[in-house]
Amino acid sequence: MNDEHTPTDFIREMIHADNESEKYGGRVQTRFPPEPNGYLHIGHAKSICLNFGLAEEFGGVCNLRFDDTNPVTEDQNFVDGIIEDIQWLGFEPNDIRYASDYFEQLYQWAESLIEQDLAYVDDQDAETISEQRGGFTTPGVNSPFRDRTVDENLALFRGMRAGEYADGEKVLRAKIDMNHENMQMRDPVLYRIRREHHFRTGTDWIIFPTYDWAHGQGDAIEEVTHSICTLEFDSHRPLYDWCLANLDLPRDTPEQTEFARLNLTHTVTSKRKLKSLVEDGSVDGWDDPRMPTLRGMRRRGYPAEAIRTFMDHIGVAKSNSTHDIELLESFIRTHLNKTALRRMGVLRPLKVVITNWPEGHSDMREAINNPEDETAGTRQVPFSGELWIEQDDFALDPPPKYYRLTIGREVRLRAGYFITANDVVTDDDGNVVEVHCTYDPETAGGQAPDGRKVKATIHWVSAATAVDATVHLYDRLFTDSHPGSGDTDPLSSLNPNARETVHAKVEPALGEVSGGDVVQFERLGYFAVDPDDTSVFHRTVGLRDEWANIQKRRKNS
RNA sequence: UGGCCAAUAGUUCAGUUGGUAGAACGCCAGAUUUUGAUUCUGGAGGUCGAAGGUUCGAUCCCUUCUUGGCCAACCA
């Protein structure tokens with residue numbers, strides 16, 4: 001392993017220390033534990049890279065464990081999708097487990113807790129229990145059912161399992177301390193009754209363990225050593241430890257460590273919020289390219305490898321942080337620059353007529369597929385007297401520093417000829433609809449024999465052989481850089497114009513692409529071919545655009 | 001109001017036996033360029049949240065304060 005690129009952080013240091021002290025006999029095991037109630041997003045990718053990465057680096061293993069303890073929201077589609085997404089990201093679970101695999105063991109352990117007089121059945125409703133929990137500065141109140149005998153509790157708990165009580169009628173609670181300064185320790189609920197169909201256990205169980213009763217035990221059963229989760233579980237750690245300490249376990253118990261979850265500007269990384277976008281139709285689905293989900297990013301053309309590189313780069317710490325989405329994009333560009341084939345596509349076409357081009361003649365130009373990769377070779381691009389160029393590449397009244405096409409100026413057509421604009425045709429509103437140019441036959445291939453230079457090279461597509469394509473251009477999904485900051489509703493800054501669709505003219509080679517391919521439209525950006533319709537392209541990310549910066553500066557000054 | 005966690009360039013992070021700060025991205029400038037891209041070179045940018053204390057010496061250790069985050073679901 002290359003030390004230079006091996007990230008170091010407080011978690012890796014801790015594991016090194018544990019290994020040196022032989023805490024787990026030098027063994028390292030982690031897990032990634034999603035609840036299958038939605039698809040994975042970029043925030044999960046950080047956790048996945050961390051957990052699987054740690055296992056790999058320290059010669060251990062990492063399981064995928066579905067935390068399926070709440071039958072209300074979970075289903076098999078999410079399980080399948082999550083497995084697929086992890087594989088796409090480039091990781092392979094050592095094993096795939098389910099918290100529901102452990103329901104019987106968890107139940108037995110709950111009985112043992114009752115036998116130790118460390119848990120009791122409470123008959124009160126959720127609202128009452130919540131009120132009795134007290135506040136941060138006020139002590140809680142003991143439940144009137146807190147002192148039931150072990151035998152009574154055991155009988156009641158067995159009755160809960162057997163279906164003798166209605167949903168919500170009784171819960172099992174840990175007997176810890178209603179006066180604890182940590183609210184999580186004020187007799188947390190361990191089991192609740194829910195007559196819901198569970199996607200794996202069906203109707204076998206009507207009582208379900210809560211997260212707190214399932215998670216640490218799941219870790220222990222799988223022999224996880226380092227249980228890594230996000231910061232908000234920090235206050236659960238004493239409870240995690242309490243549960244394990246009161247079970248008869250054969251080995252060292254796993255150790256929970258918290259890190260700061262990933263936040264990105266202009267992005268929401270909350271499964272619940274993303275779900276509402278899908279459900280209210282704000283986006284086309286979980287795999288909409290505007291979504292920060294792994295499947296959305298995949299459809300958009302984000303390479304998995306670039307996402308992993310990004311995660312390595314940002315590291316892991318305990319301070320809450322929000323990364324600039326542009327940083328992620330820079331990793332996407334860096335990756336795609338090296339790998340994407342170059343093609344020409346005109347997003348907003350403007351007709352160019354070459355007046356001195358021989359009538360009816362057409363020509364083939366040779367173009368380089370990827371200047372960053374010689375092995376990518378070249379291709380033939382048809383050229384003729386009628387072309388499409390980008391509307392932005394011609395200006396009747398050019399702004400300062402504009403050096404693209406304008407009347408009387410010569411520019412290069414990429415891989416083609418030098419052309420000079422002489423005249424325009426306008427419509428009734430004065431809009432330019434056609435530019436008349438002459439070309440210099442001596443400049444075939446893009447060089448002038450007399451050595452004269454042009455300041456600009458523009459892309460083009462021959463009109464006769466142009467292929468029609470639908471191209472989706474994406475902007476930030478949320479206009480606010482920190483959607484939901486303060487007490488605002490993140491959805492209030494949802495950008496209704498996050499997707500703009502244009503009808504483009506593209507070169508013939510783009511008619512022969514496969515779903516999922518990502519190419520560079522020269523001078524514009526990277527575009528991913530839609531997996532279901534190869535005439536549809538999604539703009540993955542634009543190229544860095546110095547000209548846009550110049551214009552922005554002019555506007556601001 | 002209580003507890004816990006955090007605070008270093010615009011942003012995210014390094015900075016470990018305590019010796020007054022580095023990287024990446026971004027920004028600016030130059031070179032190269034048949035992509036205003038890429039690549040290369042250089043530059044600007046920090047009273048290390050504040051105030052005390054320990055020490056010959058503190059970004060690092062201690063105290064207090066400030067600011068931000070999390071915690072009072074039968075969600076995870």
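Throughout, protein chains are lettered first and strands after them, A, B, ... in sequence-line order, and every chain is numbered starting at 1.
- In terms of position on RNA chain B, the residue among A/Val189 and A/Ala415 whose nearest nucleotide sits closer to the 5' end is A/Ala415.
- With B/G36, B/C5, B/G2 as the choices, the nucleotide that has an atom nearest any side-chain atom of A/Asp234 turns out to be B/C5.
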Take A/Tyr240 and A/Asp219, measure what side chain to side chain donor-acceptor pair (under 3.5 Å) needs, and give me the verdict at the end. CA-CA 10 Å; A/Tyr240 180 102; A/Asp219 288 343; 2.7 Å; yes
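- OP1 or OP2 of B/A73 lies within a sub-4.0 Å distance of a side-chain N or O belonging to A/Ser130.
- Taking A/Tyr302 as the reference, nothing meets the ring pair (Phe, Tyr, Trp, His ring centres under 6.0 Å) condition, with sequence neighbours excluded.
- Partners of A/Glu74 by salt bridge (Lys or Arg N to Asp or Glu O under 4.0 Å), not counting sequence neighbours: none found.
- Nucleotides B/C28 and B/G19 place their P atoms 37 Å apart, quoted to the nearest Å.
- The ring pair (Phe, Tyr, Trp, His ring centres under 6.0 Å) check on A/Phe32 picks up nothing, with sequence neighbours excluded.
- Not counting sequence neighbours, A/Arg539 has no partner by the side chain to side chain donor-acceptor pair (under 3.5 Å) test.
- Base contact: A/Tyr403 has a heavy atom under 4.0 Å from a base atom.
- Between A/Arg186 and B/A72, a side-chain N or O to OP1/OP2 separation shorter than 4.0 Å is absent.
- For the P atoms, the distance from B/G45 to B/A9 is 15 Å, rounded to whole Å.
- Distance noted for atom C1' between B/C75 and B/C65: 37 Å (whole Å).
- Nucleotides B/G15 and B/C74 have their P atoms positioned 40 Å apart, rounded to a whole Å.
- Residue contacts for A/Ser319: at a heavy-atom cut-off of 4.0 Å it reaches the sugar-phosphate backbone alone, with no base atom in range.
- To the nearest whole angstrom, the two P atoms, one in B/C62 and one in B/U16, are 15 Å apart.
- Relative to the six-membered ring of A/Tyr98, A/Arg200 meets both conditions, a distance below 6.0 Å and an angle of at most 45° to the axis.
- A/Pro371 comes within 4.0 angstrom of a base, heavy atoms only.
- At the heavy-atom level, A/Thr138 lies nowhere under 4.0 Å from the strands shown.
- Under the side-chain contact (heavy atoms from CB on, under 4.5 Å) rule, A/Leu405 has a single partner from A/Leu413, A/Ile389, A/Val454, A/Thr420, which is A/Ile389.
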In 5'-to-3' order, the base (B), backbone-only (S) or no-contact (-) status of each nucleotide in nucleotides 40-46 of chain B, using a 4.0 angstrom heavy-atom cut-off, is -------
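- Annotation: side chain to side chain donor-acceptor pair (under 3.5 Å) contacts of A/Arg192 (sequence neighbours excluded): none.
- B/U63 and B/G68 are spaced 23 Å apart, taking the P atom of each and rounding to whole Å.
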Dot-bracket for RNA chain B, 5' to 3', Watson-Crick and G-U pairs with both distances under 3.5 Å, [ ] for crossing pairs, | for partner on another strand, reads .((((((..((((.....[..)))).(((((.......))))).....(((((..]....))))))))))).....
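- Remark: A/Ala110 pairs with A/Phe157, A/Leu172, A/Tyr191, A/Trp213 by the side-chain contact (heavy atoms from CB on, under 4.5 Å) rule, at least two apart or across chains.
- Judged by distance alone, the side chains of A/Asn63 and A/Arg31 never bring a donor and an acceptor atom under 3.5 Å apart.
- With hydrogens and angles left out, the side-chain atoms of A/Glu366 and A/Thr378 include a donor and acceptor closer than 3.5 Å.
- Only the C1' atoms considered, B/A58 is 14 Å distant from B/U47, to the nearest whole Å.
- Within residues 168-181 of chain A, the residues that place at least one heavy atom under 4.0 Å from RNA chain B are, in residue-number order, A/Gly168, A/Val171, A/Glu181.
- Shown here are the salt bridge (Lys or Arg N to Asp or Glu O under 4.0 Å) partners of A/Asp393, two or more places apart in sequence or in another chain: A/Arg404, A/Arg523.
- Taking the six-membered ring for Trp and the full ring otherwise, the centers of A/Tyr39 and A/Phe78 sit less than 6.0 Å from each other.
- As judged by a 4.0 angstrom heavy-atom cut-off over every strand, A/His236 is placed among the base-contacting residues.
- Here the closest heavy-atom approach between residue A/Asn153 and residue A/Val121 is recorded as OD1-N, 2.9 Å.
- Ring stacking is absent between A/Tyr211 and B/A76, as the pair misses the limits of under 5.5 Å between centres and under 30 degrees between planes.
- Among the heavy atoms of the strands lying under 4.0 Å from A/Tyr402 is at least one base atom, whether or not backbone atoms are also near.
- Scanning for side-chain contact (heavy atoms from CB on, under 4.5 Å) contacts around A/His180 gives A/Asp177, A/Asn182, A/Met185, A/Arg186, with sequence neighbours left out.
- More than 90° away from 0 lies the glycosidic angle of B/A9, which makes this nucleotide anti.
- Below the 3.5 angstrom threshold, one finds no donor paired with an acceptor across the side chain of A/Glu372 and the base of B/U39.
- As judged by a 4.0 angstrom heavy-atom cut-off over every strand, A/Leu190 is placed among residues making no nucleic acid contact.
- If you take atom C1' in B/U20 and the same atom in B/U32, they sit 40 Å apart, rounded to whole Å.
- Taking the side chain of A/Asp324 as heavy atoms from C-beta on, and the options B/U11, B/C13, B/A76, the nearest nucleotide is B/U11.
- Residue A/Arg133 has a polar side-chain atom (N or O) positioned under 4.0 Å from OP1 or OP2 of B/C74.
- If you check every strand for non-hydrogen atoms under 4.0 Å, A/Arg342 touches a base.
- Across all strands, A/Lys338 comes closer than 4.0 Å to no nucleic acid atom at all (heavy-atom distances).
- Contact annotation: A/Thr69 reaches the phosphate of B/A76 (side-chain N/O to OP1 or OP2, under 4.0 Å).
- Counted by atom type alone, A/Glu522 and A/Gln520 present zero donor-acceptor pairs between their side chains at under 3.5 Å.
- A/Glu258 comes within 4.0 angstrom of nothing in the nucleic acid, heavy atoms only.
- Position along RNA chain B of the nearest nucleotide to A/Tyr191 versus A/Asn182 favours A/Asn182 as the more 5'-ward residue.
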Nucleotide by nucleotide, nucleotides 21-30 of chain B touches protein heavy atoms under 4.0 Å in the pattern (B base, S sugar-phosphate only, - none) ---SSSSS--
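- Checked against the 6.0 Å centroid threshold, A/Phe233 and A/Tyr211 count as a close aromatic pair.
- For A/Arg414, whose side chain is taken as the heavy atoms from C-beta onward, the closest listed nucleotide among B/A76, B/U35, B/G2 is B/U35.
- Residue ring and base: A/Phe136 counts as stacked with B/C71 (centre distance below 5.5 Å, interplanar angle below 30°).
- A/Thr322 comes within 4.0 angstrom of sugar-phosphate atoms only, judged by non-hydrogen atoms across all strands, and of no base.
- Listed nucleotides B/A37, B/G36, B/C75 differ in distance to A/Leu543; the shortest reach to its side chain belongs to B/A37.
- Across all strands shown, A/Glu522 has heavy atoms under 4.0 Å from base atoms, whether or not it also approaches the sugar-phosphate.
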